[in-house]
Amino acid sequence: MKRTLSAVAAVVALSAGILLPATAQATPGEGISGVTLLDIEIPAELLPFIPDGAHVVAKQITIAPGGTTGWHYHDGPVLGIVQAGTLTHPGSDCKPVIFDTGAFINEPSGKSNTHVGRNLGKEPVILDVVYLEPIGAPLFEDVTPAPPCDKT
């Protein structure tokens, strides 16, 4: 019995070691925090202009100097305003789009709109963001690996 448990434990440990490199290729966020201000669901057919309903989340997101959101996309549109700092926001072509304090951000939905948010400055970036996601969808979908043009 002890040998069987030891063998199972060894297989699990080896499997975990094999699976970890795949996780290492992800593009996780770093130096990012958020406070949820609103989290509601609008049921399907409640509003005629949102026939399928929506999961609406408002957050204040802070990206520390040197921080990143990691590469991701959204299943629904995301709207935001930069309250402080400068956000560097390249898409999958890696061409940086810069959003300074006061700028409006409109992120369209879908995998073709893969992007990353970075704080390359010396002060925190503070964003007020509203997610309009389909009911049941996550707020964002990680992209693995990063686009080939990305060097960081």
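Each residue takes its place number in the sequence, starting with 1.
V78 and I98 fall into different hydrophobic clusters, defined by Ile, Leu, Val, Met, Phe, Trp and Tyr side-chain heavy atoms under 4.5 Å apart, directly or through other members. I126 is not connected to V129 by any chain of hydrophobic side-chain contacts under 4.5 Å among Ile, Leu, Val, Met, Phe, Trp and Tyr, and they are in different clusters. If you chain together hydrophobic residues whose side chains sit under 4.5 Å apart, L38 and L132 fall into the same group. When hydrophobic clusters are built by joining Ile, Leu, Val, Met, Phe, Trp and Tyr residues whose side-chain heavy atoms come closer than 4.5 Å, directly or via intermediates, I135 is not grouped with I40. Under the 4.5 Å side-chain heavy-atom criterion for grouping Ile, Leu, Val, Met, Phe, Trp and Tyr, Y131 is connected to F140 within one hydrophobic cluster.
Inter-residue side-chain proximity for V130 and V56 is flagged as met; some heavy-atom pair is nearer than 4.5 Å. Residues I105 and V82 form a side-chain contact, since some pair of their non-hydrogen atoms from C-beta on lies under 4.5 Å apart. In this structure, the side chains of I61 and T69 stay at 4.5 Å or more apart for every pair of heavy atoms. For the pair P96/R118, no side-chain contact is recorded, criterion being any heavy-atom separation below 4.5 Å from C-beta on.
Atom CD1 of residue I81 and atom OG1 of residue T101 lie 11.5 Å apart, to the nearest 0.5 angstrom. Atom NE2 of H74 and atom CG of N113 lie 9.5 Å apart (nearest 0.5 Å). Within the model, atoms CG of L139 and NE2 of H72 stand 10.0 Å from one another, a figure rounded to the nearest 0.5 Å. Rounding to the nearest 0.5 Å places CG of D142 at 10.5 Å from OG1 of T114.
The minimum heavy-atom distance linking H89 with G117 is given by the pair CD2-CA, 4.4 Å. Scanning both residues, P65 and G121, for their nearest heavy atoms gives CB-O, 3.4 Å. Shown here for F99 and F104, the closest heavy-atom pair between the two residues is CE2-O, 3.6 Å. When all heavy atoms are compared, the tightest approach of A146 to W71 is CB-CD1, 3.5 Å. When every heavy atom of S92 is checked against every heavy atom of C149, the shortest pair comes out as O-SG, 3.3 Å.
Although no hydrogens or angles enter the test, the distance criterion places a donor-acceptor pair under 3.5 Å between the side chain of E133 and the main chain of G76. Remark: side-chain polar atoms of N119 are paired, donor with acceptor, to backbone N or O of I63 under 3.5 angstrom. Here the side chain of T36 pairs no donor or acceptor atom with the backbone of K59 at under 3.5 angstrom.
Taking the ring pair (Phe, Tyr, Trp, His ring centres under 6.0 Å) definition, one finds that H55 meets it with nothing, sequence neighbours left out. The side-chain hydrogen bond (donor to acceptor under 3.5 Å, both in side chains) test applied to E141 returns no partner, not counting sequence neighbours.
S109 and D75 form no side-chain donor-acceptor contact under 3.5 Å, judged by distance and modelled atom types alone.
Counting non-hydrogen atoms of other residues, nucleotides and ligands closer than 6.0 Å to CD of E41 gives a total above 12.
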